[in-house]
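Only one structure is covered here, and it is reproduced in the block below.
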Protein chains: 2
Amino acid sequence: MASLGELERSVMTLLWESGQQLSANEVCEQLDEDLAVTTVLTVLARLEKKGMVERERSTRPHRYAATATREEHTVEMLNEVLGTALDREAVLARFIGSVSENEAAALRRILG
Amino acid sequence: MASLGELERSVMTLLWESGQQLSANEVCEQLDEDLAVTTVLTVLARLEKKGMVERERSTRPHRYAATATREEHTVEMLNEVLGTALDREAVLARFIGSVSENEAAALRRILG
DNA sequence: GCAACACTTCTACCGAATGTAGAAAAGCTG
DNA sequence: CAGCTTTTCTACATTCGGTAGAAGTGTTGC
């Protein structure tokens, strides 16, 4: 389970893109919408509960960072979806067939 | 967006497994839980709205069927997730690295 | 054609998740 | 300690999904 709401996703995107620990205030400023800091704090707390964000509590503005990179997270999601398949190989086959030729070529390279 | 609730998923599984059009009553009977038919009708209507189910309105017990096979649907989900990636090739590479050796072998075969 | 039954639609309620933020509490700094 | 910054608590609104009764519509046997 790692379904994210709209705002939660925006915050994650920010954390992923910044690649560093950010304070709630920094997140708040860098978001497009004009939200109260408490709102951002609530969202960060929820993301922490979901395990998507780690909080450094030893500094005074607490600092938050994504626990996984964006790519790692995406791969987790992919595996979650694949886990619902009855016939994994069949699904993989179709899936591979659905990506671009360039991507298929990259896969060939990777698979050796 | 095609996130499914528990019951919605059960109903889809049933439709996928039966592979045919079913009436609300049939779905109801074949479900493990003991639900009112109206409940099943509500769920089927919601699934129809989500585009996951097609309804034949010309027969009297309306008949419902999945619009895509289970595999097609899973692949769609995979593509949806992949669509959120910035660097698709990187994600694909990691993803492929996360499947079993057997599956990787199957992919090699498929990719020719 | 109508009564009785089958089926569908409407409406509603509940709980959980998410967006939103004020009020209150806690920590820091001069 | 006073005042500011930051965090926590609490709360409310909305939406989604599970659940189903009441009311409406279609069908069928007579």
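Residue numbering restarts at 1 for every chain, and letters A, B, ... go by the order of the sequence lines.
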Pick base, sugar-phosphate or nothing for [X], based on heavy-atom distances below 4.0 Å to the nucleic acid.
X: B:R57; value: sugar-phosphate
X: B:L7; value: sugar-phosphate
X: B:S23; value: nothing
X: B:L4; value: nothing

Handout entry: Separation of C:dG19 C1' from A:L47 CG (nearest whole Å)
Key =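 In whole Å, C:dG19 C1' lies 12 Å from A:L47 CG.
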
Practice task
Quickly work out the A:K50 NZ to C:dA17 C1' distance and round it to whole Å.
Solution key: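 Checked: the NZ to C1' distance equals 7 Å.
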
Exercise for the section: Mind telling me whether B:F95 and A:F95 have parallel, tilted or perpendicular rings, with 30° and 60° as the class edges? Expected result: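 If you compare the ring of A:F95 with that of B:F95, the planes turn out perpendicular.
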
Practice task
Mark yes or no for a side-chain to base donor-acceptor pair under 3.5 Å between A:R46 and C:dG19, with no hydrogen or angle criteria applied.
Solution key: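 Pair found.
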
Exercise for the section: Go through the N and O atoms of the side chain of A:S3 and the base of C:dA17, and report whether any donor-acceptor pair is under 3.5 Å. Expected result: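 Per atom types, no contact qualifies.
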
Practice task
Taking only the side-chain nitrogens and oxygens of B:H62, find out if one of them lies under 4.0 Å from OP1 or OP2 of C:dT8.
Solution key: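 It does, given that an N or O in the side chain of B:H62 lies less than 4.0 Å from OP1 or OP2 of C:dT8.
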
Practice task
Kindly write out the residues that satisfy side chain to side chain donor-acceptor pair (under 3.5 Å) with B:E29, not counting sequence neighbours, or none if the list is empty.
Solution key: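 Per chain and number, B:E29 pairs via side chain to side chain donor-acceptor pair (under 3.5 Å) with no residue.
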
Using a 3.5 Å cut-off and no angle test, enumerate the donor-acceptor pairs between side-chain atoms of residues 30-37 of chain B and protein atoms at least two apart in sequence or in another chain.
none

Exercise for the section: For the pair B:E103 and A:R88, find out whether any cationic side-chain nitrogen is under 4.0 Å from an anionic carboxylate oxygen. Expected result: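 Result for this pair is yes, salt bridge flagged.
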
Handout entry: NZ/NE/NH1/NH2 to OD/OE distance under 4.0 Å, B:R63 and B:E54
Key =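 No salt bridge links B:R63 with B:E54.
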
Problem - Derivation of the side-chain hydrogen bond (donor to acceptor under 3.5 Å, both in side chains) call for B:H62 and B:R57 - result: CA-CA 5 Å; B:H62 293 181; B:R57 283 182 140 97; 4.8 Å; no

Scan nucleotides 25-30 of chain D against the protein and return all N/O pairs shorter than 3.5 Å with their distances rounded to 0.1 Å.
residue	atom	partner	partner atom	Å
D:dG26	O4'	B:R60	NH1	3.3

Problem - B:T38, nearest nucleotide to its side chain (from C:dT8, C:dT20, D:dT19) - result: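 Between C:dT8, C:dT20, D:dT19, the one nearest the side chain of B:T38 would be C:dT8.
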
